[in-house]
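As structure tokens, the structure follows; a few thoughts come after it.
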Number of protein chains: 2
Amino acid sequence: MKQISSRFSVAVHILSLIAVSTKECTGDYIAGSVNTNPVIIRKIMGNLKKAGLVDVRPGVGGASLLKAPDEITLLDVYRAVDVVDEGQLFHVHDGPNPDCPVGGSIEAALRAEFAEAQAAMERRLEKTTLAQLAMQFKSSS
Amino acid sequence: MKQISSRFSVAVHILSLIAVSTKECTGDYIAGSVNTNPVIIRKIMGNLKKAGLVDVRPGVGGASLLKAPDEITLLDVYRAVDVVDEGQLFHVHDGPNPDCPVGGSIEAALRAEFAEAQAAMERRLEKTTLAQLAMQFKSSS
DNA sequence: CTCCGTTGTAACCATTTTAGTTACTTCCGT
DNA sequence: ACGGAAGTAACTAAAATGGTTACAACGGAG
């Protein structure tokens, strides 16, 4: 039973670290906190950069946020790391028999339902900002 | 980028077929409508049976519903086929560095957020019944 | 201007999961 | 008892993930 890639949670970790930490946030430093390989971090940083969430340049160490922590939602991160395609969280079996009353029309009906369920989840992600998460880290450190 | 198993959509297909069809619903007949292997159908039927949604016995052909179509929600099916573990839709990376302000507390915070997002999706699935879907098939056939 | 640390990528591997398939056993009504 | 149907184990092929090594490209400090 498969799960949504941990790229998402790692990305949130990265952004939180940049938001909270006073040190220089190099890929290797972040990798140490996340406990993974630096290349994994670089790949995800690439996603975050492409989405305009962070500034990171080759050669120079230390990433920084491009938006205020209270303007970055979990949905922004989720979209940035591209862990779930638009409307494709659920896999609808394809090629049902069109000669069958059910087979002919179930696909469209299911896609509509599933898209709504997925949208409900994404709306919930949109409600939480990086700032809200970061608050919890600071107070407990 | 991985999706939720098509077992879910196939299961909905199966139940819809049983609800709508007047014929005997044998595994092979269903497999023809879904366009897959009969064994796949049998496995999923096993899940549905375990969940108390359908009656199917070895030896005798033809499955039947154990609950009214308007009392079976998509959430019931989703749980029956066990495509997503309880609160585990998202994969939270494990083993973050506890000596880091973020690493120490991000795991719990993320799990809470993700559990809520997942719950939002599941609540949406709960709102649609098999009867609502079946209506669409009948009218278009 | 030349190092050296850092980022950007490509290539590759091990593991896990899924869907599908074959084969065989168990069950039941005719 | 026979035949059709469900139950199940075992295996395969394909895809995705996380991880790893290796190397090129970049930029600031000396």
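Per chain, numbering begins at 1; letters A, B, ... match sequence-line order.
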*Interface with DNA chain D, restricted to residues 79-98 of chain B and to heavy atoms under 4.0 Å*: none
*For B:I30 and D:dA5, what is the distance between atoms CD1 and C1' respectively, to the nearest whole Å?*
12 Å
*State whether A:T36 places a side-chain N or O below 4.0 Å from either non-bridging phosphate oxygen (OP1 or OP2) of D:dG19.*
yes
_Heavy-atom pair with the smallest gap, counting every atom of B:L66 and B:V54_ = CD1-O, 3.4 Å
_For atom CZ of A:R7 and atom P of D:dT17, their distance in whole Å_ = 6 Å
*Between atom CD1 in B:I40 and atom P in D:dA9, what is the gap in whole Å?*
15 Å
_Test your reading of the model: is there a side-chain donor-acceptor pair from B:R7 to the backbone of B:D82, 3.5 Å cut-off?_
yes
*Please collect all ring-ring contact (aromatic ring centres under 6.0 Å, His included) contacts where either partner lies in residues 108-134 of chain B, sequence neighbours excluded, each pair once.*
A:F8-B:F114, B:F90-B:F114
*For residues 9-35 of chain B, pull every pair meeting side-chain hydrogen bond (donor to acceptor under 3.5 Å, both in side chains), keeping only residues two or more places apart or in separate chains.*
A:H93-B:S9, A:H93-B:H13, B:H13-B:S33
*asked:* With salt bridge (charged side-chain N to carboxylate O under 4.0 Å, His left out) as the rule and sequence neighbours excluded, what pairs involving residues 42-71 of chain A come up?
replied: none
*Taking atom C1' of D:dT17 as reference, at what distance in whole Å does atom CE of B:M1 sit?*
12 Å
*Grab the NZ-P distance between A:K2 and D:dT17 for me, whole Å please.*
7 Å
*For B:F8 and C:dT18, what is the distance between atoms CZ and P respectively, to the nearest whole Å?*
15 Å
*asked:* Rounding to an integer number of Å, can you tell me how far A:E24 CD sits from D:dG27 C1'?
replied: 13 Å
*asked:* Using the side-chain heavy atoms of B:N37, tell me which of these nucleotides is nearest: C:dT22, C:dT18, D:dG19.
replied: C:dT22
Is there any protein nitrogen or oxygen under 3.5 Å from a nitrogen or oxygen in nucleotides 4-9 of chain C, and what are the pairs?
residue : atom : partner : partner atom : Å
C:dG5   : N2   : A:G59   : O            : 3.1
C:dT6   : O2   : A:G59   : N            : 3.4
C:dT7   : OP1  : A:G27   : N            : 3.0
C:dT7   : OP2  : A:G27   : N            : 3.1
C:dG8   : OP1  : A:K49   : NZ           : 2.9
C:dG8   : N7   : A:R42   : NH1          : 3.4
C:dG8   : O6   : A:R42   : NH1          : 2.8
C:dT9   : O4   : A:R42   : NH1          : 3.3

*Could you name each residue pair satisfying ring-ring contact (aromatic ring centres under 6.0 Å, His included) that touches residues 48-73 of chain A, not counting sequence neighbours?*
none
_With side-chain contact (heavy atoms from CB on, under 4.5 Å) as the criterion, how do A:L89 and A:I4 come out once you've worked through the C-alpha distance, each side chain's angles and the decisive distance to 0.1 Å?_
CA-CA 9 Å; A:L89 173 59; A:I4 291 176; 4.1 Å; yes
*Round to the nearest Å and state the distance from B:I41 atom CD1 to D:dT8 atom C1'.*
16 Å
_Can a donor-acceptor pair be found, under 3.5 Å and without considering hydrogens, that links the side chain of A:Q118 to the backbone of A:Q88?_
yes
*So, does A:E116 use its side chain to make a donor-acceptor pair with the main chain of B:R124 at under 3.5 Å?*
no
*Any side-chain N or O of B:S5 less than 4.0 Å from the OP1 or OP2 oxygen of C:dA19?*
yes
